[in-house]
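Okay, structure first, notes after.
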Amino acid sequence: MIQYQFYKLKSVPIIYSLKPTCIPSDTHFKQRLEDNVLGSGNVKKGLLLTPFHEGDALIWGGSLAVPAGFQSEYNYYVVDDERNVLRWEAGNKRKLLLPDGVENGKVVELHDLWQNGSDSLPSKSAFKNVIFRTSSKLAIEKPLGTIKNKLDQEDLVIVQFKICCPNIAEGTSVYVIGSSTELGKWKNGNFSLEYGSNRELIVDISASGPNYIVLSDGMMREMPWRGAGVAIPMFSVRSEDDVGVGEFLDLKLVVDWAVDSGFHLLQLLPINDTSVHKMWWDSYPYSSLSVFALHPLYLRLQALSKNMPDDINQEIQTAMKELDGKHVDYEATMTTKLSIAKKLFDLEKDSILNSTSFKKFLSENEEWLKPYAAFCFLRDFFETSDHSQWGTFSQFSKNKLEKLVSKDSFHYDIISFHYYIQYHLHLQLSEAAEYAKEKGVVLKGDLPIGVDRNSVDTWVNPNLFRMNTSTGAPPDYFDKNGQNWGFPTYNWEEMSKDNYAWWRARLSQMANYFTAYRIDHILGFFRIWELPEHATTGLVGKFRPSIPLSQEELEKEGIWDFDRLCKPYILQDFLQEKFGPSWIVLASHFMNEYQKSRYEFKDDCNTEKKIVAKLKSLIDKSLLLESEDKLRRGLFDLLQNVVLIRDPEDATSFYPRFNLEDTSSFKDLDEHSKNIFRRLYYDYYFNRQETLWRQNAMKTLPALLNSSDMLACGEDLGLIPSCVHPVMHELGLIGLRIQRMPSESDLEFGIPSQYGYMTVCAPSCHDCSTLRAWWEEDEDRRRSFFKTMVGSDSLPPKQCVPEIVYFVLRQHVESPSMWAIFPLQDLLALKEAYTARPATEETINDPTNPKHYWRFRVHVTMESLLKDKQLTTVIKDLVRGSARSYPGQEEEANLVVVSEKQQIKNEEEKEKIRVTNQDPKITSIAVL
């Protein structure tokens, strides 16, 4: 037996071994591993492996005869007895290439390790093309399949070692050292071994043993890589050159600031076109008009032409001043930009549309670009995005499309203007994305869970959506009444027929610009909270897919009166309690008394949308004098006062209403029935669905993950099924941890030092208040945090002073999480000069308000922030002190170190904030 380890060494030529493989993995004994490609892609025909023990390890092995020069690709699968796939290993397909010179009759033994999701992370573009980009440029001395040694003695076995070590500094090589003479007997100068126990290799030198062993040892065991980043919506960026809103070319400034601050990542909100209503409602970045088109809002007008006429240039300068407001003026900014862009288009359309670059763009993107341009034309022509109102164009067809976008049509200038805008957006974002790569900064995008009901995608592919439904989320931290986002839910069954081509196209498009992305509401790929289209709130919904309560199941429990349980339970007492003396007037408009003192809603107001419409009509006519909001909430409470929800597509299937114990309908049941529904409620929400939801996620998520090489992060906040985290771990998906929203039910606050490696940790996000706003708005939790997390019995300061901000940021940056990502607002709170603005104005979104205006703008320009070396030094020292990676780290390591005395002097001059006690439980932090 040979023991060995790998190590790195500086300034020695690199020795490369290669790529083939086949064997070890820990799994259940009765499961089987499948070699997919050796069955020509058919799992049923793959090579069946059998288990055996090698010491304490369970190994799976198999053999087959192949001709010399054989090549193939393969993967491993776990299957059941019928060879149905239960799970598969992560990562790219393996390549099987026999070593050169292998003669017929020789045995080549391939040793593999099962690849978990995290093992494939180094192959993601965020690492391969950005963070470890210098490593990927290393010269490979030996081509794949070449073995330097020759098998010239009968009792020799050639062993080829392979290790994945993605982070190789310039001038560094990888070696293997071990217990045998051939591996140096553990003596080879000064070097740093990998972590962990020695690896072992048993070589069978008998006549029946292998002649060649190709040993794939997975990842080199090093300290896990950790980095930090900044998050800011594109619209929130402010620069000296923008017109009313952050623009794609401003990202270059943000990248420079990120590098100065020690950040390897810049995270954005969705940047797709949302121009559904052509008003400020479209500021909601998660309601896409097209999942492929970029938003015209982010266009840099000055970059549209190299020969800008003086009058247009002056118009741009005037607009810059007029729109340089505290918040984004969405409508004015969009109107101004499109107006000026149209003038430039009219001047230069012939040269642009006939250019080689534009023709290439159109050719590569026409599959989505032509429908998008046609949709925008029809939206403006009919003055609505509701394509059901477009007459003959309501039903999409390729023939109609080609006529709409024909160069011979009278409106082709309008069509080509939309091409022109998208072309320039593509050029500008591509320029910024390439700049980020060169600077070692990962550009992270956002994949919204839904699309607008009146969008290009629902027009072109209506079969992919359940248009009579709406997407949302059940009650959680963000909103106790649940959320209703208004998007139609997906028809996953239809999407699966072409292996989720629509999703794969979305991810391929994103990968043109981003090297990482956030999967919005990843729980929706396990199950989605589905609401009827006529709902406006998110409370009375059901999970899709899910196993309902059947009528037979309920009847066996003695439940028979389904009308009582499914219809709103409205007694006269409830009406009097909610509406006081005016209940009679209200009941006359909205209710029928079907039994003495028992009421039901009239047909013209028996849904939430109908209630909203009728209530508005009555108030406009001055027939009701009370507050519209108060009346609406009271009527909604009555409408939602049910125990069960009947499936509209199957009258024998039922779903327990979320938080049913809070309803008076439940409270008026007998104790026996209450106990039955408590048990069935728990079973529906926390037990019976787990296997189904896991299976659903394992069908849908791999299609996304395999369609690009971007690094994927999942937003896994909310009511989290127990199957979610194991699936995310298996697929190599990085989760999200927000300290004030812990995933552990027994914690009030998350403990960053206990977060897992495969996570992004953050003190806040766009869907909640900033760190400063939260601290100042919630006195009880502020006190609790100060006591439990800071470790102080003193009263906390009412304001979120820089010392508190520093403490919280330090907690996160020192966590084991792969990424610590901070909203820019939380970082600016480190300096009092940036906290003059009321904290509540820095909140990006209010999830409880479906018509929230997304318009926050940072009050200082990126150019000014770049000049503030005091702030960037404090932030970079936080990152550097936490042992996280940062841009330029290798270059810094090679600089000549100044004397200790000079270094101390420099530190005193440049540092504003110091921690005087390094114990994270102590808060003796001083501002010097």
Side-chain angles (χ1 to χ4, degrees), residues 234-235 237-256 271-273 275 278 290 292-324 328-366 369-370 372-373 376-377 380 405 407 411-436 512-513 861-863:
M234 188 70 261
F235 57 80
V237 176
R238 189 186 295 269
S239 79
E240 294 174 1
D241 293 325
D242 71 53
V243 178
V245 71
E247 298 165 350
F248 287 147
L249 288 177
D250 290 329
L251 291 174
K252 296 167 75 172
L253 293 171
V254 186
V255 165
D256 287 340
I271 53 172
N272 294 112
D273 191 358
S275 307
K278 300 197 75 174
S290 165
F292 299 100
L294 299 171
H295 206 308
L297 189 69
Y298 306 129
L299 189 69
R300 171 65 52 83
L301 294 171
Q302 301 92 312
L304 294 181
S305 175
K306 294 180 180 178
N307 303 300
M308 186 78 68
D310 291 341
D311 60 331
I312 295 181
N313 185 56
Q314 184 57 48
E315 189 176 356
I316 294 173
Q317 297 303 314
T318 301
M320 288 171 63
K321 294 176 182 177
E322 291 178 349
L323 295 171
D324 187 27
V328 175
D329 186 334
Y330 182 91
E331 293 173 25
T333 302
M334 278 291 287
T335 300
T336 299
K337 287 198 170 189
L338 291 177
S339 173
I340 295 175
K342 183 63 167 63
K343 293 176 183 178
L344 289 168
F345 169 76
D346 290 339
L347 291 173
E348 301 187 349
K349 62 185 175 185
D350 291 337
S351 60
I352 294 293
L353 299 183
N354 290 311
S355 67
T356 303
S357 175
F358 173 80
K359 289 179 179 179
K360 181 175 183 288
F361 170 76
L362 180 59
S363 173
E364 291 176 350
N365 296 277
E366 62 181 354
L369 186 55
K370 286 183 176 180
Y372 166 76
C376 291
F377 166 71
D380 297 344
V405 301
K407 290 183 179 180
H411 56 261
Y412 185 68
D413 263 11
I414 300 174
I415 296 292
S416 55
F417 176 62
H418 294 295
Y419 293 166
Y420 168 84
I421 294 292
Q422 289 300 312
Y423 169 65
H424 279 287
L425 287 165
H426 163 72
L427 293 179
Q428 294 178 18
L429 181 55
S430 296
E431 180 181 333
E434 187 58 35
Y435 186 82
N512 290 329
Y513 314 109
T861 66
M862 292 310 305
E863 289 88 349

Test item: [X] and [Y] side chains (from C-beta on) under 4.5 Å apart, heavy atoms:
X      : Y      : result
Leu249 : Asp241 : no
Phe345 : Leu353 : yes
Cys376 : Phe417 : no
Ile312 : Leu347 : yes
Pro296 : Asp273 : yes

For [X] versus [Y], what's the shortest heavy-atom pair and its separation?
X      : Y      : answer
Met334 : Ser275 : CE-OG, 3.6 Å
Thr336 : Ala319 : CG2-CB, 3.6 Å
Leu253 : Ser239 : CD1-CB, 3.8 Å
Ile415 : Ala373 : CD1-O, 3.6 Å
Ala341 : Tyr420 : O-CE2, 3.9 Å

* To do: For Asn354, look at atom CG and say whether over 12 heavy atoms of other residues, nucleotides or ligands are found less than 6.0 Å away.
  => yes
* Please report the C-alpha distance between Gln422 and Leu362 in whole Å, then the side-chain angles of each, then the deciding distance to 0.1 Å, and finally whether the side-chain contact (heavy atoms from CB on, under 4.5 Å) criterion is met. => CA-CA 10 Å; Gln422 289 300 312; Leu362 180 59; over 6 Å; no
* **Trace of the side-chain contact (heavy atoms from CB on, under 4.5 Å) decision for Leu294 with Tyr513** => CA-CA 11 Å; Leu294 299 171; Tyr513 314 109; 4.0 Å; yes
For the residue pair [X] and [Y], does the interplanar ring angle fall in the parallel (under 30°), tilted (30 to 60°) or perpendicular (over 60°) class?
X      : Y      : result
Tyr412 : Tyr419 : perpendicular
Phe358 : Phe361 : tilted
His411 : Phe377 : parallel

Do side-chain atoms of [X] reach the backbone of [Y] as a donor and acceptor pair under 3.5 angstrom?
X      : Y      : result
Thr335 : Glu331 : yes
Gln428 : Arg300 : yes
Thr333 : Tyr330 : no
Ser363 : Lys360 : no

* side chain to side chain donor-acceptor pair (under 3.5 Å) with Thr861: which residues, sequence neighbours excluded? -> Ser864
How long is the straight-line distance from [atom2] of [Y] back to [atom1] of [X], given to the nearest 0.5 Å?
X      : Y      : atom1 : atom2 : result
Asn313 : Asn307 : CG    : CG    : 12.0 Å
Leu301 : Met308 : CG    : CE    : 7.0 Å
Asp242 : Met320 : CG    : CE    : 7.0 Å
Leu297 : Phe248 : CG    : CZ    : 9.0 Å
Leu344 : Leu304 : CG    : CG    : 5.5 Å
Asn512 : Phe292 : CG    : CZ    : 11.0 Å

* To do: Sort and list the pairs that fulfil salt bridge (Lys or Arg N to Asp or Glu O under 4.0 Å) and have at least one residue in residues 334-344, not counting sequence neighbours.
  => Glu247-Lys337, Glu315-Lys343, Lys342-Asp346
* To do: Could you give me the CA-CA distance, side-chain angles and deciding distance for Ile414 and Asp380, then say whether side-chain contact (heavy atoms from CB on, under 4.5 Å) is met?
  => CA-CA 10 Å; Ile414 300 174; Asp380 297 344; 5.6 Å; no
* To do: Verify side-chain contact (heavy atoms from CB on, under 4.5 Å) between Leu251 and Tyr435, making sure each step is shown before the conclusion.
  => CA-CA 9 Å; Leu251 291 174; Tyr435 186 82; over 6 Å; no
